[in-house]
**Student:** 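To start, I am sharing the structure in question, which I have written as structure tokens.
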Amino acid sequence: MASDTCTLTQAQYSAVQGACQQLAPSWPLDQMIAVSPYWPMRHERIEQVSARLSALAGISMLMPESDYLDWYRRGLISPQALRTALAESGLGLNVDELIQTIEQRGEKLPWQSLSALLDEHRARHKMAWRDEIIHQISQFCAAHFQQAQPMLHREHSQAQPDLYAHWLVVSQRDRGLSIVLDEPDLHRYFKQLPDDPNALIAEALSTFGVQDEQVELYAHALLLDIGGWGAWVAYLRWQGELNGEPHDQMLDLLAIRMAWELVLWRYQQAHFPTFLPLWSTHGNSLSAGCKTYRRNIRHNKSPCGFGPERRS
């Protein structure tokens, strides 16, 4: 296994922990209660939450812009209602300018992870990177967390291994990843990963050049990519705190998702050197996503452009 050389700065660690607190718990079916998936962000204005989720994961809390535009043209939204919303938003636009802006601009795409970006250039006969990543992580977590009859081999059968450490051992032994993805020697790159989840995250942030002000948004975006298991880990954290036995595994889950990005980056570097210009686009898209999120907050408006969303 690789030696652990990178460490998180205090600013990075705080930002990562902030991201790890953004996912709400989900209870098992036999104990299910209704919980808003946005509960951890309840201290923020709904416009902020909408802007964040839209920029990071394409999650919209609103109808498509085309629906609002159609309603306006059919008279279901009056010009006076738009004038009032524009006055409150402070955008400095009149109704005609707003309509023209919406008609002319293209579809807004959220920030994309490295795996999603690579899928846009991947051969159609090969399995998509992101699909396999989500499948592998989900399959592993299902086996790791099941209580009745554990499927995965564990070095110490009497003890529950840490989530990241367990995943790393399993992944380093899994030669099937290279076969399923039709990428020779891919499994070898898992042996280069650090043993410690904090070191893995620090190494990934350094490799990708993620700035301190981007760390929380970047980490949150990757966790949203595996939001189902993130919700389960949040549930286990909740239960542990209730029982006076706190045990938070969200950082481990984030390290697993980030480890895949690091493996893909190193594999692409080694096998496809011409990939470097594409990485520049990826890095720029992260910066652009962060700027879009903060611009939406600064203007105190919803991403659809029809003025601020009101609290219900």
**Student:** Given side chains that start at C-beta, do those of M61 and I46 come closer than 4.5 Å, heavy atoms only?
**Tutor:**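 Yes, side chains in contact.
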**Student:** With a 4.5 Å limit on heavy-atom distance, are the side chains of S14 and Q10 in contact?
**Tutor:**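 Yes, close enough: below the 4.5 Å cut-off.
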**Student:** So, do W238 and Y235 have ring centers that fall under 6.0 Å from each other?
**Tutor:**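 That pair fails the under 6.0 Å test.
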**Student:** Considering non-hydrogen atoms only, spot the tightest contact between A81 and I77 and give its length.
**Tutor:**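 Reported closest heavy-atom pair: CB-CG2, 4.4 Å.
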**Student:** Would you mind reporting whether D119 and Q112 have side-chain heavy atoms less than 4.5 Å apart?
**Tutor:** no
**Student:** Counting neighbours of CZ on R83 that are heavy atoms of other residues, nucleotides or ligands and sit closer than 6.0 Å, is the number greater than 12?
**Tutor:** yes
**Student:** Could you check if a side-chain atom of L114 sits within less than 4.5 angstrom of a side-chain atom of W129, using non-hydrogen atoms only?
**Tutor:**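 No, their side chains stay 4.5 Å or more apart.
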**Student:** Please determine whether a side-chain nitrogen of the Lys or Arg among E47 and R52 lies less than 4.0 Å from a carboxylate oxygen of the Asp or Glu.
**Tutor:** no
**Student:** Under 4.5 Å between any side-chain heavy atoms of Q31 and P28, yes or no?
**Tutor:** yes
**Student:** Just by distance, with hydrogens left out, do E97 and T101 show a side-chain donor and acceptor under 3.5 Å apart?
**Tutor:** no
**Student:** Which side-chain N or O atoms in residues 241-255 pair as donor and acceptor under 3.5 Å with protein atoms at least two apart or in another chain?
**Tutor:**
from : atom 1 : to   : atom 2 : distance (Å)
N243 : ND2    : Q239 : O      : 3.1
D248 : OD1    : R237 : NH1    : 3.4
D248 : OD1    : M250 : N      : 3.0
D248 : OD2    : R237 : NH1    : 3.2
D252 : OD2    : Y164 : N      : 3.0

**Student:** Identify the residue among E132, R130, E261 that makes a side chain to side chain donor-acceptor pair (under 3.5 Å) with S115.
**Tutor:** E261
**Student:** For a 4.5 angstrom cut-off between non-hydrogen side-chain atoms, does I133 reach L264?
**Tutor:**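 Counting from C-beta outward, I133 and L264 do come under 4.5 Å.
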**Student:** Yes or no on side chain to side chain contact (heavy atoms under 4.5 Å, CB included) for L205 and Y218, after CA distance, side-chain angles and deciding distance?
**Tutor:** CA-CA 9 Å; L205 296 178; Y218 179 58; 3.9 Å; yes
**Student:** Closest approach of D225 and S113, non-hydrogen atoms and distance?
**Tutor:** OD2-OG, 4.4 Å
**Student:** Scan side-chain atoms only and decide if Q80 and T84 contain a donor-acceptor pair under the 3.5 Å cut-off.
**Tutor:** yes
**Student:** For residues 20-27, run the donor-acceptor check on the side chains, cut-off 3.5 Å, and write out each pair with its distance to 0.1 Å, sequence neighbours left out.
**Tutor:**
from : atom 1 : to   : atom 2 : distance (Å)
Q22  : NE2    : E216 : OE2    : 3.2

**Student:** If you count heavy atoms of other groups shown closer than 6.0 angstrom to OH of Y38, is the number above 12?
**Tutor:**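 More than 12 within 6.0 Å, yes.
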**Student:** Does the separation of the ring centres of W260 and F190 fall below 6.0 angstrom?
**Tutor:**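 When the ring centroids of W260 and F190 are compared, they turn out to be within the sub-6.0 Å range.
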**Student:** Can you see whether Q136 engages W167 through a side-chain donor-acceptor pair at a distance of less than 3.5 angstrom?
**Tutor:**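 There is such a pair (donor and acceptor under 3.5 Å, judged by atom type) between the side chains of Q136 and W167.
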**Student:** With E183, which of H271, K126, Q268 fulfils side chain to side chain donor-acceptor pair (under 3.5 Å)?
**Tutor:** K126
**Student:** Between R73 and D70, is there a salt bridge with N-O shorter than 4.0 Å?
**Tutor:**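 Salt bridge flag = no for R73 with D70.
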**Student:** Which atom pair, heavy atoms only, marks the closest approach of Q12 to T7?
**Tutor:** OE1-O, 4.2 Å
**Student:** Can you give me the closest heavy-atom contact between E65 and I102, atom names plus distance?
**Tutor:**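 Distance-wise, the nearest heavy atoms are OE1-CG2, 3.6 Å.
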**Student:** If we only count heavy atoms from C-beta on, is the L168 to I256 side-chain gap below 4.5 Å?
**Tutor:**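 SC-SC contact between L168 and I256 ruled out.
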**Student:** Less than 4.5 Å apart, side chain to side chain, heavy atoms only: is that true for L193 and R266?
**Tutor:** yes
**Student:** Can you name the nearest heavy-atom pair linking D185 to Y189, along with the distance?
**Tutor:** O-CD1, 3.4 Å
**Student:** What's the shortest heavy-atom distance between Y72 and S78, and which atoms?
**Tutor:** CE1-C, 4.4 Å
**Student:** Return the orientation label for the W229 and F145 ring planes: parallel under 30°, perpendicular over 60°, tilted otherwise.
**Tutor:** parallel
**Student:** Under a 4.5 Å side-chain heavy-atom rule over Ile, Leu, Val, Met, Phe, Trp and Tyr, are I179 and L181 clustered together?
**Tutor:** no
